[in-house]
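Everything on this sheet refers to the single structure shown next.
Keep in mind that the numbers below use all heavy atoms, side chains included, and drop hydrogens, waters and symmetry copies. What you see is a predicted model, and the numbers here were worked out from it, not measured in a lab. The sequence lines fix the lettering, A, B, ..., with proteins before strands; numbering per chain opens at 1.
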4 protein chains.
Amino acid sequence: MLNRVILIGRLTADPTLKYTPSGVAVTQFTLAVDRPFNSQGGEREADFIPVVTWRQLAETCANYLRKGRLTAVEGRIQVRNYENNEGKRVYVTEVVADNVRFLGPNNGNPSGQGNDAFKPDKKYGDPFADDGKPIDIPDEDLPF
Amino acid sequence: MLNRVILIGRLTADPTLKYTPSGVAVTQFTLAVDRPFNSQGGEREADFIPVVTWRQLAETCANYLRKGRLTAVEGRIQVRNYENNEGKRVYVTEVVADNVRFLGPNNGNPSGQGNDAFKPDKKYGDPFADDGKPIDIPDEDLPF
Amino acid sequence: MLNRVILIGRLTADPTLKYTPSGVAVTQFTLAVDRPFNSQGGEREADFIPVVTWRQLAETCANYLRKGRLTAVEGRIQVRNYENNEGKRVYVTEVVADNVRFLGPNNGNPSGQGNDAFKPDKKYGDPFADDGKPIDIPDEDLPF
Amino acid sequence: MLNRVILIGRLTADPTLKYTPSGVAVTQFTLAVDRPFNSQGGEREADFIPVVTWRQLAETCANYLRKGRLTAVEGRIQVRNYENNEGKRVYVTEVVADNVRFLGPNNGNPSGQGNDAFKPDKKYGDPFADDGKPIDIPDEDLPF
DNA sequence: TTTT
DNA sequence: TTTT
C-alpha cells in the first residue's frame with residue numbers, strides 16, 4: 001500500500017537503454033550505495049542496487065547518466081520473477097524509479113557520443129537481455 | 001551514501017526468529033505490498049518484499065507481528081550474496097529494518113502462543129536456513 | 001531538487017474541503033504524529049502537521065478521512081507565505097500530499113453524513129479561510 | 001508514528017552553530033529546494049526549509065557545510081511553538097536531521113576559516129536567538 | 001531574508 | 001487548538 005525508496009549513489013557503469021517490442025524506452029543501471037561507515041574499520045562496503053526507468057525518464061537517464069556519476073533516485077521496490085533456461089523460477093529485485101536527480105557535475109556531453117547506450121538499435125526483444133527472457137508487455141501493463 | 005525504504009504492507013506469514021551463533025536475535029518476514037491500482041482492471045498485484053530485523057527490534061517483531069498484520073517498515077535495501085550448493089553465486093535483496101510500526105489492530109496475544117517463532121531453539125547455524133548457508137557474523141560486523 | 005515526506009498519524013479533526021475560485025478541490029487536515037517514546041518517561045508528545053491535497057485526491061480524502069483515523073501520507077514540504085491583516089509576512093509550512101492511504105478500520109460511511117466537509121458551498125474565496133487571505137490561483141499554477 | 005523527510009537542496013547561507021545552556025551543540029541552516037519545473041514556464045521556484053541538527057552531527061555540519069553547497073538531509077518534521085514578545089503563540093516548523101550527506105564538491109577548508117560559525121562563543125542562551133526565546137533544555141529532553 |  |  002506504500003512502497004517508497006530513496007537512494008543516493010554512483011553508477012557502476014553506463015546505463016543501458018533498450019526498447020520493448022511495442023517501442024517503450026527502458027533504461028537500466030546499477031547504483032553503488034556506500035554503507036554507513038563500519039566504525040570497526042574494515043574495508044569500504046556498498047550495496048549494488050539495480051534501477052529501472054521507463055519512457056521519457058528512461059531517455060533522459062540514458063542521455064545524462066554515466067558511469068561514476070553521483071545520482072539520486074526515487075521510486076519503489078519491485079520483485080519480478082521469470083522462469084530461466086533451466087525451468088527454474090528466478091526472482092529479480094530492482095528499484096523502479098519515477099524521479100532521478102543528477103548530482104554529479106555535468107561532465108558535458110549529453111550527446112552521449114562514444115557510448116553504446118546511445119546507439120540503441122530498437123531491437124525488438126527482451127529489454128533485460130541478460131536473463132534471456134523476452135518480454136512483451138502491452139503498454140497498459142507497464143510497471144510505470 | 002543514502003539508502004532509505006519505507007513500506008506499508010501485510011505479513012505473508014508469521015515472522016521467523018532465529019539467532020546467530022553469537023546469540024544475536026534476527027527476525028525475518030515478508031511484506032506483501034499491493035501495487036497501485038492497475039486502472040486497466042486486471043487482477044490485484046503485489047510485491048513480496050523480504051524484511052530482516054536485528055537485536056531488540058527482532059525480538060519485538062517476533063512477539064507482536066503475525067501473518068496478515070498491516071505493518072509499516074523503515075530501513076535500507078541490502079543486497080547480500082553467497083555461493084549456493086552448486087557453487088553458483090546467489091544474490092538476495094532484502095530490507096534491513098530499523099523501525100517497525102504495527103498498524104493493524106492488536107489482535108491480542110503478544111505471548112505468541114501457538115507460533116513456532118516463539119520456540120526459538122537458539123540453534124547455532126544459519127539464521128537464513130533456507131539458503132543453506134551457515135553464517136557466523138561477529139557482532140561488530142552485523143548489518144545493524 | 002528532492003523533497004519527500006512520509007507520515008503516519010491520526011487526523012486531529014475532520015478534513016476541510018473547499019474550492020479555489022476556478023473550482024479546483026482542495027482538502028486540508030492536520031496529522032498528529034506521535035514522537036518516538038521519550039524513555040525518560042514524561043508525557044506523550046506529538047507533532048501536529050498540516051496536510052493539503054488537491055483535485056481528485058482532495059475529494060477522496062474529504063470522503064473517507066475522519067477525525068482520529070490512522071492515515072499514511074506521502075508528499076513534499078511546502079513553505080508558502082502571505083501578508084496578513086497587519087501587513088506582516090506570515091510563513092506557513094505544510095505537506096502537499098500526492099498519495100494518501102487510509103489505514104484505520106473503515107468506520108463506515110463514506111457518505112460523510114453529518115460532516116460539514118460534505119456540504120462544500122463552492123464559496124469563491126480563500127480555500128484557507130483561517131488566515132483570511134483570498135487566493136485565486138490559476139489552475140496552471142496549482143502546487144499539485 | 002512515522003515521520004520521515006528526505007531533502008536535497010542548497011544551503012542559503014553558512015550554518016549557525018550554537019550551544020544550549022547545558023553545552024549541547026546545535027546547528028541550524030536553511031535548505032533551498034527547487035520545486036519541479038513549472039512547465040508553464042514562469043520563474044524558478046524553491047521551498048526554503050529550516051533544518052536543525054544536534055550534538056556530534058551539529059559539529060560536523062558546522063565544519064563542512066557552507067552557503068550554496070548541495071546537501072542531502074534525512075530527518076523528521078518538527079513543529080515547536082513558543083510565546084513571542086507580544087504574548088502570541090508562534091509556530092515554527094523545521095526538519096530535525098539525523099543524517100546529512102555533503103554532495104557538493106568539497107571546496108576545501110573544513111577548518112571553516114573566515115566563517116563566524118567557527119567561532120562559537122558557547123554563549124549560554126537561546127540557540128535560536130532570532131525568536132528571542134531562551135531555551136534551557138535538559139539533555140534528556142533534547143529532540144535528538 | 002534566501003541557494004545554483 | 002489538537003489524534004489514539
* To do: Would you indicate which nucleotide in dT3(E), dT3(F), dT1(F) comes nearest to any side-chain atom of A46(C)?
  => dT3(F)
* Structure fact -> Of the candidates dT4(F), dT1(F), dT2(E), the side chain of D34(C) sits closest to dT4(F)
* Grab the CZ-P distance between F102(D) and dT3(E) for me, whole Å please. => 21 Å
* **Listed nucleotide nearest any side-chain atom of T30(C), set dT3(F), dT2(F), dT1(E)** => dT2(F)
* A32(D) side chain: which of dT3(E), dT3(F), dT1(F) is closest? -> dT3(E)
* Any ion pair linking E74(D) and R101(D) (charged N to carboxylate O, less than 4.0 Å)? -> no
* Atom CD of E83(C) to atom P of dT1(E): distance rounded to whole Å? -> 9 Å
* To do: Would you kindly give the CG-to-C1' distance between L70(C) and dT4(F), to the nearest whole Å?
  => 9 Å
* Stepwise, does the salt bridge (Lys or Arg N to Asp or Glu O under 4.0 Å) test hold for R76(D) with D47(C)? -> CA-CA 10 Å; R76(D) 61 178 185 79; D47(C) 287 289; 3.4 Å; yes
* Going through the distances and angles, do R55(C) and D98(C) end up as a salt bridge (Lys or Arg N to Asp or Glu O under 4.0 Å)? -> CA-CA 10 Å; R55(C) 303 175 187 277; D98(C) 52 78; over 6 Å; no
* Could you check how far CG of D14(D) sits from C1' of dT2(E), rounded to whole Å? => 13 Å
* Any donor-acceptor pair under 3.5 Å linking the side chain of R35(C) with the backbone of M1(D)? -> no
* **dT2(F) pyrimidine/purine six-ring stacking with F48(C), under 5.5 Å and 30°** => yes
* Checking all strands, does A13(C) fall into the base, sugar-phosphate, or nothing category for heavy-atom contacts under 4.0 angstrom? -> nothing
* **F29(C) CZ - dT1(F) P separation (whole Å)** => 22 Å
* For G68(C), answer base if it contacts any base atom (sugar-phosphate contacts may also be present), sugar-phosphate if it contacts only those atoms, and nothing otherwise; contact means non-hydrogen atoms under 4.0 Å. => sugar-phosphate
* Interatomic distance where CD belongs to E94(D) and P belongs to dT2(E) [whole Å] -> 20 Å
* **Nearest-Å distance for atom pair CD1/P, residues I49(D) and dT3(E)** => 15 Å
* Asked: What is the distance, rounded to the nearest whole Å, between atom CG of N81(C) and atom C1' of dT2(E)?
  -> 11 Å
* Asked: When you look at I77(D) and T93(D), which way does the side chain to side chain contact (heavy atoms under 4.5 Å, CB included) test go after all the steps?
  -> CA-CA 7 Å; I77(D) 301 180; T93(D) 305; 3.7 Å; yes
* Side chain of R10(D) - closest among dT3(F), dT3(E), dT2(E) -> dT3(E)
